[in-house]
Amino acid sequence: IVFTDRSVGVVRFQGLPYIYGYERIVDTPIPYSSASIAEVSDGVIWASMAGFWVFNGVNVAPLPCSVWNWIEDAIDDSGSKYFAHCFVSTVTSEMFWFFSSGNEVGQADRYVVFDYKEKIWGMGKMRRTAGLSYPNDPNPILADGKKVYSHEVEYAYPGAVELPWVETFTLNVGNTEYLS
């Protein structure tokens with residue numbers, strides 16, 4: 001898959017005489033930034049101004065995102081074009097997309113996380129500029145431009161913008177109703 005500033009396309013092996021051919025994927029939004037692209041086991045995922053998209057090797061399709069409204073309310077488009085980036089944790093099967101809210105100049109200070117095995121979205125506030133994950137290491141390494149952190153270790157949050165939190169609610173199902 002090839003991204004330009006105007007289109008998305010696929011380069012495929014076709015044999016002689018030209019060896020490779022380029023096929024433009026029509027009506028597919030381009031990534032927010034050059035670093036807003038992640039390769040996962042399901043294919044290639046990228047964040048664009050029109051939501052998340054996935055290319056599975058054959059087709060491009062929108063990736064439903066249950067937290068997209070939160071992103072639209074928080075994102076700084078101009079800052080995210082320069083500072084938005086993806087990080088994939090292969091151990092936890094999660095893709096993180098960090099973006100700028102405009103609160104921290106020159107920083108990606110918010111993120112959404114997508115568990116691509118369970119198809120679950122999450123969100124949070126955390127300043128990170130880069131990350132690295134090894135397939136057999138349970139603790140990904142992320143940096144904020146000044147410090148390097150080993151994530152998923154202990155329960156201390158020095159300098160955290162916001163402490164971890166969870167929202168829950170009661171869900172009742174009647175006798176003749178079911179969840180699908």
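The analysis underlying the following values was restricted to heavy atoms, covering all of them including side chains, and did not include hydrogens, waters or symmetry mates.
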Asks: Please determine if Arg12 forms a cation-pi arrangement with Tyr22, meaning its NZ or CZ atom is less than 6.0 Å from the six-membered ring centre and no more than 45° off the ring axis.
Replies: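 Because its charged atom misses either the 6.0 Å distance or the 45° angle limit, Arg12 does not stack over Tyr22.
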
Asks: When you measure from the side chain of Ser33 to the backbone of Phe83, do you find a donor-acceptor pair of N or O atoms at a distance under 3.5 Å?
Replies: no

Asks: With the side chain counted from C-beta on, respond yes when Val2 and Val10 share a heavy-atom pair under 4.5 Å apart, and no when they do not.
Replies: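 Contact flag for Val2/Val10 side chains = no.
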
Asks: As a quick check of understanding, evaluate side-chain contact (heavy atoms from CB on, under 4.5 Å) for Gln107 and Thr129, giving each step before the final call.
Replies: CA-CA 7 Å; Gln107 288 282 334; Thr129 57; 4.0 Å; yes

Asks: Distance from Arg110 atom CZ to Arg128 atom CZ, nearest 0.5 Å?
Replies: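 Atom-to-atom, Arg110:CZ and Arg128:CZ are 15.0 Å apart.
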
Asks: With the side chain counted from C-beta on, respond yes when Val88 and Glu39 share a heavy-atom pair under 4.5 Å apart, and no when they do not.
Replies: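 Val88 does not reach Glu39 side chain to side chain.
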
Asks: Within a strict 4.5 Å, meaning less than it, do heavy atoms of the Phe87 and Tyr111 side chains meet?
Replies: no

Asks: Kindly compute the distance separating CG (Asp109) from NZ (Lys125), expressed to the nearest 0.5 Å.
Replies: 8.5 Å

Asks: Step by step, would you call Val44 with Ile37 a side-chain contact (heavy atoms from CB on, under 4.5 Å)?
Replies: CA-CA 7 Å; Val44 177; Ile37 305 161; 3.6 Å; yes

Asks: Can a donor-acceptor pair be found, under 3.5 Å and without considering hydrogens, that links the side chain of Ser36 to the backbone of Pro31?
Replies: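 Here the side-chain-to-backbone pair does not exist.
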
Asks: Taking C-beta and beyond as the side chain, do Leu142 and Phe98 meet within less than 4.5 Å on heavy atoms?
Replies: yes

Asks: Please report the closest heavy-atom contact between Val54 and Asp42, naming both atoms and the distance.
Replies: CG2-O, 4.4 Å

Asks: Counting only heavy atoms from other residues, nucleotides and ligands, does the tally under 6.0 Å from NZ of Lys119 exceed 12?
Replies: yes

Asks: Would Ile30 and Phe3 satisfy side-chain contact (heavy atoms from CB on, under 4.5 Å), going step by step from the backbone distance to the final call?
Replies: CA-CA 7 Å; Ile30 61 172; Phe3 298 94; 5.5 Å; no

Asks: Would you please indicate yes or no on a ring centroid separation below 6.0 angstrom for Trp97 and Phe99?
Replies: yes

Asks: Would you call Phe55 and Val60 a side-chain contact if the rule is heavy atoms closer than 4.5 Å?
Replies: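 A side-chain contact under 4.5 Å exists here.
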
Asks: Quick check for you: to the nearest 0.5 Å, what is the distance between His85 atom NE2 and Ser34 atom OG?
Replies: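 Reported value, rounded in 0.5 Å steps: 11.5 Å.
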
Asks: Flag the pair Trp70 / Val112 as yes when at least one side-chain heavy-atom distance between them is below 4.5 Å, and no otherwise.
Replies: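 SC-SC contact between Trp70 and Val112 confirmed.
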
Asks: Rounded at 0.5 Å granularity, tell me how far CD1 in Ile25 sits from OG in Ser7.
Replies: 9.0 Å

Asks: State, with a plain yes or no, whether a side-chain heavy atom of His151 is found less than 4.5 Å away from one of Asn139.
Replies: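 The answer is no; the side chains never approach within 4.5 Å.
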
Asks: Nearest 0.5 Å, what's the CD-SG distance between Glu72 and Cys65?
Replies: 9.5 Å

Asks: Give a yes or no on whether the backbone of Pro140 and the side-chain of Ser133 come within a donor-acceptor separation of less than 3.5 Å.
Replies: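 Flag not set: sc Ser133 to bb Pro140 has no pair under 3.5 Å.
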
Asks: Are Tyr134 and Val40 joined in one hydrophobic group, where the rule is that I, L, V, M, F, W and Y side chains link up if heavy atoms are under 4.5 Å apart?
Replies: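 Looking at the clustering, Val40 is in a separate group from Tyr134.
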
Asks: Any luck finding a side-chain donor-acceptor pair between Asp76 and Ser101 under 3.5 Å?
Replies: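 Note: Asp76 and Ser101 side chains miss the donor-acceptor criterion.
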
Asks: At their closest point, which heavy atom of Leu63 faces which heavy atom of Trp121, and how far apart are they?
Replies: CD2-CZ2, 3.9 Å

Asks: Applying the ring-ring contact (aromatic ring centres under 6.0 Å, His included) criterion to Phe52, which one of Phe114, Trp46, Trp68 satisfies it?
Replies: Trp68

Asks: Within the structure provided, determine whether Met95 and Cys86 are in side-chain contact (heavy-atom separation under 4.5 Å).
Replies: yes

Asks: Can you tell me how far the OG atom of Ser89 sits from the CD1 atom of Ile141, to the nearest 0.5 Å?
Replies: 11.0 Å

Asks: Taking atom types as modelled, is there a side-chain donor on Trp53 or Thr28 under 3.5 Å from an acceptor on the other?
Replies: no

Asks: Set out, in order, the CA-CA distance, both residues' side-chain angles and the distance that settles side-chain contact (heavy atoms from CB on, under 4.5 Å) for Ile75 and Asp77, then state yes or no.
Replies: CA-CA 6 Å; Ile75 196 164; Asp77 288 329; 3.8 Å; yes

Asks: Same cluster or not: are Met49 and Val8 linked, directly or through other Ile, Leu, Val, Met, Phe, Trp or Tyr residues, by side-chain heavy atoms under 4.5 angstrom apart?
Replies: no

